[in-house]
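This report refers to the structure that appears directly beneath it.
What's counted below: heavy atoms across the whole structure, side chains too, no hydrogens, waters or symmetry copies. First the proteins, then the strands, lettered A, B, ... as listed; each starts at 1.
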Amino acid sequence: MVGALLLRSSVTFYRQHPLQLVLSVLGIILGVCIVTAVWITNSSSKRAFALSTESLYGRTTHHIVAADGVDQTVYSGFRKTFPHILAAPIIEGHALIDNNVFSLLGVDPFSEISFQRVLVQSANSDAYKLDASGLLLSSVTSERLNLSAGDVLSLRTGNDTTDIKLLGSFDSPNPAASEGMLIGDIALVQMLLKRGNVIDRIDIIANKQEATAIRDFLPPTLKLSNAAARNQTMLAMTRGFQINLTAMSLLSLLVGAFLIHNTMSFTVLQRRELFAVKRTIGVSVQSLFASVLIEAVLISLVGSVVGVLLGLLLAHQLIQLTTQTINDLYFVLHVQKIWFTPWLFFGGLLLGVGCSVLAALLSAIDAARTNPVQAHQRSATEQKTRQLLPLLASIGIVIMLFGVALATTHTQSLLLGFVALMLIIVGYGLLLPGISFYTSRALKEILSGISPILSMAAGSIERNISRTGLAIAALSIAVSSTFGVDVMIGSFRTSVDNWLGNTLKSDVYVSVPSTVSSRTGGVLNKTLVAEISQHEQVDSVSTGFKTNIRTSIGEFDTLVLEPHNNQPVGINIISNDAPAGWQAFISDKALLISEPMANKYRLSVGNSISLFTELRGDVEFTVSGVIRDYASSHGQMTMHRNTFNAYWKNRSISSVGAIFKQSTDKSQATQDIRSLVSSQNQALRLQANNEIHESSLAIFDRTFEVTRVLRWLTVGVAFVGVFSALLALNLERAREFAVLRATGTSRKQLLVLITSQTLWMGVLAGLLALPLGWAMAKILIHVINLRSFGWSMDSFIPNGTISSTFILSCTAAILAGLYPAWRLSRSGIAQQLRSE
Amino acid sequence: MSDAVSISGLSHAYNRSSKPRFIVDNLSLDVSMGDIVAIVGRSGSGKSTLLNIIGGLEPVQSGKVRVLNNTLNHMSDTDRTALRRSDIGFIYQAFNLIPTLNVADNITLPLALAGHTTRSRTEALKPLLNAIGLEDRGDDYPDVLSGGEQQRVAIARALIHKPAIVLADEPTGNLDAQSGRNILSLLDALVKEQRSSLLLVTHSLEVAQVADRILVMSNGKLLTAEESQLNGSLAW
């Protein structure tokens, strides 16, 4: 009964303050929307990956692989030795049709039956039509591209274009998984991808005993690898990226939770006297506590439901951006479909409601403990708050120090990194009201002789510190998070920019265009390489070949490098004694490893890694140096061409870089090389170093597009929260402003008073946001990013970031002050004076 | 003697768009400079509305209102505000002190708004604090003062800029009898000392006795005591 009455009272309060209700709900909607959108996006890309691997691997348990492709005779030998074990040869690659990337899968149709892969998963499949005369395309893609059986496709593979017949289509129980998939007979695909007599792998369905028997049978140059482990390795590659997204969403959530707490606190502070009256007439502490919590649950429930649904819409946009990034950096993922499960829905609800209830808990305790006598004494509240400021600041400093200590511990734990970040934010938040109080007091004194209205504005912040302190802290934390993220992205971009400048030392690069950004392409004609190196205007060349090498700790992309005159041109060794490291690299059985590989696998100079070589099976190589490399967060190895040649048969070159002689006219020399390149019967790409520089930065910018979108959404959350807090603060003082109007304050003066007060709050929040934002950036760069990607980088504040942070804070504050100022200056003075 | 307030044919209604309820109906009033006039009437009779119209807080709907030779009908909000700031002091039943300003700041607020320096504000404050007997309470905040003390602060705030007209709306309504009497004598003394006009709205005939002239608000009109046939009761 009492509960119903209290609830009705709450409903009436919000009916009388509809804008405040809308803003509270909007804050929760935005917070929940961002986090669930990231959840849905991450889980959708994982699910897409799972479906893709299911389509590709079906019931496969193991693969037989070699260091550089498996000779096809191995397959026939295997069939003879193990006729009872199910095996299927596979070639995987990529092809382009009208600039659309397709996965090209070469299979043996007869072997496929037992593997339950995409080809035989559906009854409506044209699998029976598969022969060496053409390809099958997934039905979902056929429909999208309006293709049907008998059409001729213009297929680009590596540097060749071939016209090929479409034999038919195949369905899949998960159509999204087969989007963009072409399947052909293995012999045809072998020919299209120019694999000679080599296949990529032999897929096996085998139990433990059979696997042991196969291992014993295989020569050292062949390996039996576990299919599940391979999938895990591939999935782990995207982990850093997904953690980064999650970090951004958690930051938004933290800001959102702080703002929700702020909003809930205001609605309670506003009703302190009302709660006191209720306590006086006998409402119990428990009932009052419960009523505030129920209010929070109801508001957050509405906000969370809408937030999750909007999150679903936002995820549709984010998945486009993340898929592009995964394709750019990791592996080809065609799926752009959203996977939304009831768990995600309820997870989003739980998150929104849980955060709001936690945020409202302190306010509920405050409401329940309201002393009926003191509640009427506003100065008592302010006095109490003022007395608490030194204590709050001290607690804040202790919490911050604890956070700093946690951030600087030598651990790989991301969780501890997040906890450290949170402690620093919360600690700093406790420090802010004290700083705001004393600076406002000083400003009031300074302005008293200059402008009474401006002095009153500053004094008003000091005297209402229980409210203004909270609003300044909320705005400051929200703004600092955007500053921190800006500095993090800016530092990252500058580091990548510098790294590209230090790495791309050749004047021009010639390579075979790859069908996919994340994969290397075909092979350069050796005579072209020789012609370039012997060109009269070329001083020196370096050659590179990108391959994938299996090691005792996983598979790694490896650059086989023949450097310019055996000098470390464009190689940025960051480990100690770089000259000795380079010397070992060119003369010994040694490797240079990238920084993420060193960090993730705790490798340093002098450590050994076992590499699976083509000629001698497993061989130990020594790490001779760690190099800066932002190209891959998974880790990458660099091996000297001579070292590679001693253990592998492959002599291919996939790119060549040329440095022109100093006196050369570079544009003329580039033109000459271009003529050489175009005379080749091969589609090749010639790029000046600045072109590669720019295109690499474009990929970088694309990678952080998602982060930027999330950052703006965080700004949205912050703005709504701060607007709501300042609106409540100003509307609460409606009667006070009416007294001022009655005493002779003009509308303009009132407008100046309110906006200058909120502007000063914005200025304070903006200034105070900078140190916290800087600390956040440091943690994001040196703790979160280092632990998730393995990249170290220097900190830079991008041009205009400080001013834009400041402008953001002031604009949010002024906008938040303008509406109540306008409303209050228009409202009837007599009416405001009458109303309690 | 010139008029402080001159009103003719004033009407004022609430809910004008739907069911208009006339709270002031064709009312006329003249108050000379230095006059102390009490307006008595039942709750809801329109006394406060009349005071708010004179103070420029409510718009003039119909009729003519002149305050200190300024016709309110034709004045902009800015001009009415300027008039209030320089020539009118308000005292309310609910005190309406600003809770986050201390006693000294509350009293000197009109001077601060008019752009007086801190020094001149302090100079003006001292004698008033002495006059209201709160010389050592300047740093206190309103909520630690008693009702009587709060109203004394409100009176000081209404008089610090030496207004020509003081408008007092039930100034003793929230006080006990003794405190009410003290406040009235203080108000009377200060108003007379400054030669201001005082328009006092009350429902208490005892309070109204302080005035030179008592008018009764009834059915939206002002009547003299005789016209209204006051029967000697001390309160409405």
Rounded to the nearest 0.5 Å, the OG1 atom of T743(A) sits from the CG atom of L111(B) at a distance of 11.5 Å
Give the intermediate values and the outcome of side-chain contact (heavy atoms from CB on, under 4.5 Å) for residues T745(A) and R85(B).
CA-CA 7 Å; T745(A) 310; R85(B) 191 189 302 156; over 6 Å; no
Exercise for review: Return yes when atom CG of D139(B) has more than 12 non-hydrogen atoms of other residues, nucleotides or ligands closer than 6.0 Å, and no otherwise.
Suggested key: no
When you measure from the side chain of R84(B) to the backbone of R741(A), do you find a donor-acceptor pair of N or O atoms at a distance under 3.5 Å?
yes
When the 4.5 angstrom heavy-atom criterion is applied to N96(B) and chain A, the contacting part is both
Here the pair of heavy atoms bringing R735(A) nearest to A94(B) is NH2-CB, 3.6 Å
Rounded to the nearest 0.5 Å, the CD atom of Q749(A) sits from the OG1 atom of T78(B) at a distance of 10.0 Å
Scanning both residues in full, the closest heavy-atom pair of A742(A) with F90(B) reads O-CD1, 3.8 Å
More than 12 heavy atoms from other groups under 6.0 Å of CG on N219(B): no
Cut-off 4.5 Å, heavy atoms of chain A, and the answer for T118(B) is side chain
Cut-off 4.5 Å, heavy atoms of chain A, and the answer for R157(B) is side chain
If you tally heavy-atom pairs under 4.5 Å between each of S455(A), A738(A), G744(A) and chain B, the highest tally belongs to G744(A)
Quiz prompt | Residue K221(B) excluded, over 12 heavy atoms near NZ under 6.0 Å | solution = yes
Counting heavy-atom pairs under 4.5 Å with chain A, the top scorer among L109(B), D77(B), L51(B) is D77(B)
Whatever's closer than 4.5 Å to a heavy atom in chain B on L740(A) counts as both
